[in-house]
Amino acid sequence: MLASLVGFLGDFDLAEEAAQEAFATAAERWPRDGAPRNPGAWLTTTARNRAIDRLRRERTLLAKTRLLELPEAMEHEMDETTIPDERLELIFTCCHPALALEAQVALTLSALGGLETAEIADAFLVSRETMKRRLTRAKAKIRAAGIPFSVPADHLLPERLAAVLAVVYLIFNEGYGDRGDLADEAIRLGCLLTVLMPDESEAHGLLALMLCHDSRREARFAGDELVALADQDRSLWDAGRIEQGRAALDRAMALGGRGRYVLQAAIASLQADAEIDWPQVAALYGELARATGSPVVELNRAVAVAQTGASEAALRIVDGLALDDYRYLHSTRAELLRRLGRVDDARAAYRRALDLTRAEPERRFLARRLAEL
């Protein structure tokens, strides 16, 4: 709905406010009058009308004269098959090269992923106020520059690919915990991208990565409790998802892919084996770390190194990373310290991880680990 409104109005803030007004109206009317036959069409039509009324009230019609030429919106059937395309158009609108890469990703997570500013700030390891200012500037620049709401011409797609892929992957990561709807949406968008850009190895690599990870969805939780990879019931893994992911990885490799998403997909594929080749996983993380320079990737390499039995070496890697506000650094460090018998230090690290963690399943997992000490 928001994607449709942004395309219609060309203004993020106006679209978001109109959507909120439409939902507020629905909350008032539907319990009294009953839900309409097509709720999505009703909400979108109501939001459009609210936006037009507001534009008239604020006397901004000279800048928005095309809206006056539209007939009064009526309830109509909406073709659900158009929604993924509108969402993809919104991604490409947000991921315009006129915006800084981080602003592109953050804006799309807000507009399309439905994430709160605090969640996006956490993903970028910045303060909420910093992220709020970044989002405001990005919206203003789109409005001022008249950035079009459309999928760009084929020759312009590659320059936006990095941001688009980053957005889709971050949406998937936010859904990987307990938001299956977001994970499904990211995979759906990933499939669309491979159709739109069939010769881009990284698009296939990202799809492969998400499918391999998502194959473990049913095994990651026992009731409300998070289950570590080593303790998961593999009979609950989705073999079809793994097969689809490996097929996408094969396509990426056939295209000569060796980028960050292809490397991560190769790691995820190895982790789906009955016996995981941890030295190979660690080697791939090393290659990925060299390609990205990311301390988070280095943290994942430390985990793989620890799985080979080299906990001391893994701890040295972790202690060299500047990620003090990153919850997974402290939970990883706690586990390594526990393995090395440094119980007091492990307790302190688990407590620090708990302080930084909001998701309840993760908090219960960490609390259980702490209690075991």
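Positions are given from 1, in the same order as the sequence printed here. Note that this is a predicted model, so its numbers are computed, not measured.
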R50/T25 under side-chain hydrogen bond (donor to acceptor under 3.5 Å, both in side chains): CA gap, chis, key distance, verdict = CA-CA 10 Å; R50 292 289 187 276; T25 302; 3.2 Å; yes
Are V281 and L336 grouped together when hydrophobic residues (ILVMFWY) are joined by side-chain heavy atoms under 4.5 angstrom apart?
-> no
Are L299 and L288 grouped together when hydrophobic residues (ILVMFWY) are joined by side-chain heavy atoms under 4.5 angstrom apart?
-> no
Would you confirm whether R347, through its side chain, and L373, through its main-chain N or O, come within 3.5 Å as a donor-acceptor pair?
-> yes
Salt-bridged, R188 to E185, with N to O below 4.0 Å?
-> yes
Taking only Lys NZ, Arg NE, NH1 and NH2, and the carboxylate oxygens of Asp or Glu, determine whether D319 and R333 approach each other closer than 4.0 Å.
-> yes
Checking T46 side chain against L43 main chain: does a donor-acceptor pair fall under 3.5 Å?
-> no
Could I get the full list of ring pair (Phe, Tyr, Trp, His ring centres under 6.0 Å) partners for Y326, not counting sequence neighbours?
-> Y328
Short side-chain to backbone donor-acceptor contact, S294 and V296, under 3.5 Å = yes
Check: T357 main-chain N/O paired with E362 side-chain donor or acceptor under 3.5 Å | no
Atom pair CG (D238) and CZ (R217), whose distance is rounded to the nearest 0.5 Å = 9.5 Å
Spacing of CG belonging to L135 relative to CD1 belonging to I120, to within rounding of 0.5 Å = 5.5 Å
Could you grab the distance from atom CG of L263 to atom CD of E287, nearest 0.5 Å is fine?
-> 4.5 Å
From T44 atom OG1 to N38 atom CG, the distance as rounded to the nearest 0.5 Å = 8.5 Å
Taking all non-hydrogen atoms of both residues into account, name the closest pair between L366 and S331 and its distance.
-> CD2-CB, 3.7 Å
Can you see which heavy atom on A252 is nearest to which on H204, and at what distance?
-> CB-CB, 3.9 Å
If only atom types and distance count, is the side chain of E200 paired as donor or acceptor with the main-chain N or O of T194 below 3.5 Å?
-> no
Which residue pairs satisfy the ring-ring contact (aromatic ring centres under 6.0 Å, His included) criterion with at least one member in residues 16-40, sequence neighbours excluded?
-> W30-W42
For the side chain of S269 and the backbone of A265, is there at least one donor-acceptor N/O pair under 3.5 Å apart?
-> no
Are E16 and K139 close enough for a salt bridge, meaning some N to O gap below 4.0 Å?
-> yes
Taking it one step at a time, do E218 and W237 satisfy side-chain hydrogen bond (donor to acceptor under 3.5 Å, both in side chains)?
-> CA-CA 7 Å; E218 296 301 320; W237 288 10; over 6 Å; no
Give the minimum heavy-atom separation between C212 and S215, together with the two atoms involved.
-> O-OG, 2.5 Å
Kindly state each residue pair satisfying ring-ring contact (aromatic ring centres under 6.0 Å, His included) with at least one member in residues 240-265, sequence neighbours excluded.
-> Y169-Y261
Under a single-linkage definition using a 4.5 Å side-chain heavy-atom cutoff for Ile, Leu, Val, Met, Phe, Trp and Tyr, are V303 and I267 assigned to the same hydrophobic cluster?
-> no
Flag the pair R363 and D355 as a salt bridge only when some basic side-chain nitrogen lies within less than 4.0 angstrom of an acidic carboxylate oxygen.
-> no
Sidechain-backbone polar pair: Q280 side chain, L270 backbone, donor-acceptor under 3.5 Å = no
Just by distance, do the side chain of H330 and the backbone of R351 share a donor-acceptor pair under 3.5 Å?
-> no
Can we say D231 and R220 salt-bridge, meaning some charged N sits less than 4.0 Å from an Asp/Glu carboxylate O?
-> no
Pair E298 + R301: basic N to acidic O under 4.0 Å = yes
Shortest non-hydrogen contact between R234 and A274, atoms and distance = NH1-CA, 3.7 Å
Using the rule that two of Ile, Leu, Val, Met, Phe, Trp, Tyr join whenever any of their side-chain heavy atoms come within less than 4.5 Å, decide whether I187 and L161 are in one cluster.
-> yes
Output yes when a side-chain donor or acceptor of Q264 lies under 3.5 Å from a complementary backbone atom of R260, and no otherwise.
-> yes
Out of curiosity, does L209 fall in the hydrophobic cluster containing I242 (side-chain heavy atoms, cut-off under 4.5 Å, transitive links)?
-> no
Working to the nearest 0.5 Å, report the span between OH of Y285 and OG1 of T292.
-> 11.0 Å
Sub-3.5 Å donor-acceptor pair from the side chain of T308 to the main-chain atoms of V305, do we have one?
-> yes
D345 and R338 ion-paired at < 4.0 Å | no
Taking the side chain as every heavy atom from C-beta outward, state whether F221 and V227 have any pair of such atoms under 4.5 Å apart.
-> no
How long is the span from the CG atom in D214 to the CZ atom in R241, to the nearest 0.5 Å?
-> 4.5 Å
Can D273 and R246 be counted as an ion pair, charged N to O under 4.0 angstrom?
-> yes
